[in-house]
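This report concerns only the one structure given below.
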There are 2 protein chains.
Amino acid sequence: MSEYEHTCMIRGDGGKTLRAILDQICNKWTLLVVATLDQGTVRFTDLHHQIPGISQRMLTLTLRNLERDGLVARTVHAEVPPRVEYALTAVGKSLIAPALALAGWAIEHVPHIEASREAYLRAGSRRG
Amino acid sequence: MSEYEHTCMIRGDGGKTLRAILDQICNKWTLLVVATLDQGTVRFTDLHHQIPGISQRMLTLTLRNLERDGLVARTVHAEVPPRVEYALTAVGKSLIAPALALAGWAIEHVPHIEASREAYLRAGSRRG
DNA sequence: CGGTATCCTGCAGGATACTG
DNA sequence: CAGTATCCTGCAGGATACCG
């Protein structure tokens, strides 16, 4: 049985809705930030340390977008030194499951994909 | 119960594996092409017509990448005029399910996200 | 500590023209 | 019909410096 009847969800409006979301969560850091926040409430600096390679700028931008979309809650504690904590909202948490589905697929098929790439390269170099 | 134990799949190697795949499938057209190919075997021109807005160049590039990764099979028929047909491989088909999971999440939460964005904008303009 | 502001670069992807 | 080849542009995202 084909899944064709359901892929209209992807093709739907020419893919605009889905791609607007995909563009958002695929922007290099979003999914990583969400996954890191799945452990609970985390401070800005802790996030910065736990996500290797992210710049302060990109962490801020990513968190702002997530906050704007209602996936992450930002709490500022009126203390000195300042303390700002981030946590997933219910909607943010609900993203974890489908993200894991995709991550699972990725990890499961990486060997196949890499093998296919090498075979493709070899076939290409044989052609010239 | 938290999903924290599982999010290591996302955070795993600093997210490199997952992001390599995500970068690949999030590149604006890949998922749309895969979803369109879920109907079966489709010719190049038919794909071009069925995916509004895609250029010949991007369709070709997207298909080449999918073929290289073993998600799509390309069949050239020795005829004139030429006929080239594309179809999902088993691995390509297996991507549909997790993609649908994500698409489902996206469609389900678009209203919430858009409402959150508007609220965020209003709060911002109130601040100045 | 938790950010902004600014500058800079690579490259995804569009437009267009040509081809076996 | 099914592509290449080439040029061009916007903008994601990195580096760095400054700020309340």
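By convention in this document, chain letters (A, B, ...) are assigned in the order of the sequence lines, proteins followed by strands, and residues within each chain are numbered from 1.
Between the CD atom of B/E85 and the C1' atom of D/dC1 there is a distance of 13 Å, given to the nearest Å. A/L59 places its CG atom 14 Å from the P atom of C/dC1, with the value rounded to the nearest Å. Rounded to whole Å, atom P of C/dA5 lies 11 Å from atom CZ of A/R64. Regarding B/F44, its CZ atom lies at a distance of 8 Å from the P atom of D/dA2, rounded to whole Å. Atom NE2 in A/H48 sits roughly 12 Å away from atom C1' in C/dC1 (whole-Å rounding). Note: CG (A/L63) to P (C/dC1) measures 16 Å, nearest angstrom.
Remark: B/H49 engages B/T45 in a side-chain contact (heavy atoms from CB on, under 4.5 Å) (not counting sequence neighbours). Legend: residues meeting salt bridge (Lys or Arg N to Asp or Glu O under 4.0 Å) with B/R57, ordered by chain and number and at least two apart, are absent. Every salt bridge (Lys or Arg N to Asp or Glu O under 4.0 Å) that A/E85 has, sequence neighbours left out, goes to A/R83. In this view, B/E108 satisfies the salt bridge (Lys or Arg N to Asp or Glu O under 4.0 Å) rule with no residue, not counting sequence neighbours.
With D/dC1, D/dG3, C/dG3 as the candidates, the nucleotide lying closest to the side chain of B/P81 is D/dC1. Distance from the side chain of B/Q56 is smallest to D/dA2 among C/dG2, C/dT4, D/dA2. Between D/dT4, C/dG3, D/dC1, one nucleotide has an atom nearer to the side chain of A/Y86 than all others, and that is C/dG3.
Phosphate proximity of D/dA2 to B/T45: present, with a side-chain N or O under 4.0 Å from OP1 or OP2. Between C/dG2 and A/R74, no contact under 4.0 Å exists linking OP1 or OP2 to a side-chain N or O.
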Tabulated below should be each protein N or O lying under 3.5 Å from an N or O of nucleotides 12-14 of chain C; please produce it.
| from | atom 1 | to | atom 2 | distance (Å) |
| --- | --- | --- | --- | --- |
| C/dG13 | OP1 | B/N27 | O | 3.2 |
| C/dG13 | OP2 | B/N27 | O | 3.3 |
| C/dG13 | N7 | B/R57 | NH2 | 2.6 |
| C/dG14 | OP1 | B/K28 | NZ | 2.6 |
| C/dG14 | OP2 | B/W29 | NE1 | 3.4 |
| C/dG14 | O6 | B/R57 | NE | 3.4 |

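Ion pairing between a basic and an acidic side chain is recognised when a charged N comes within 4.0 Å of a carboxylate O; A/D69 and B/R117 show such pairing.
Side-chain N/O atoms of A/T62 and A/N65 include no donor and acceptor closer than 3.5 Å.
B/P82 is not listed as a side-chain neighbour of B/H77, based on a closest heavy-atom distance of 4.5 Å or more.
Panel note: side chain A/S116, backbone B/R68; a donor-acceptor pair is recorded below 3.5 Å. With B/T7 contributing its side chain and B/I10 its backbone, the two residues share no donor-acceptor pair below 3.5 Å.
Recorded end-axis angle for the helix from C/dC1-D/dG20 to C/dG20-D/dC1 stands at 50°, based on five pairs per end and rounded to 10 degrees.
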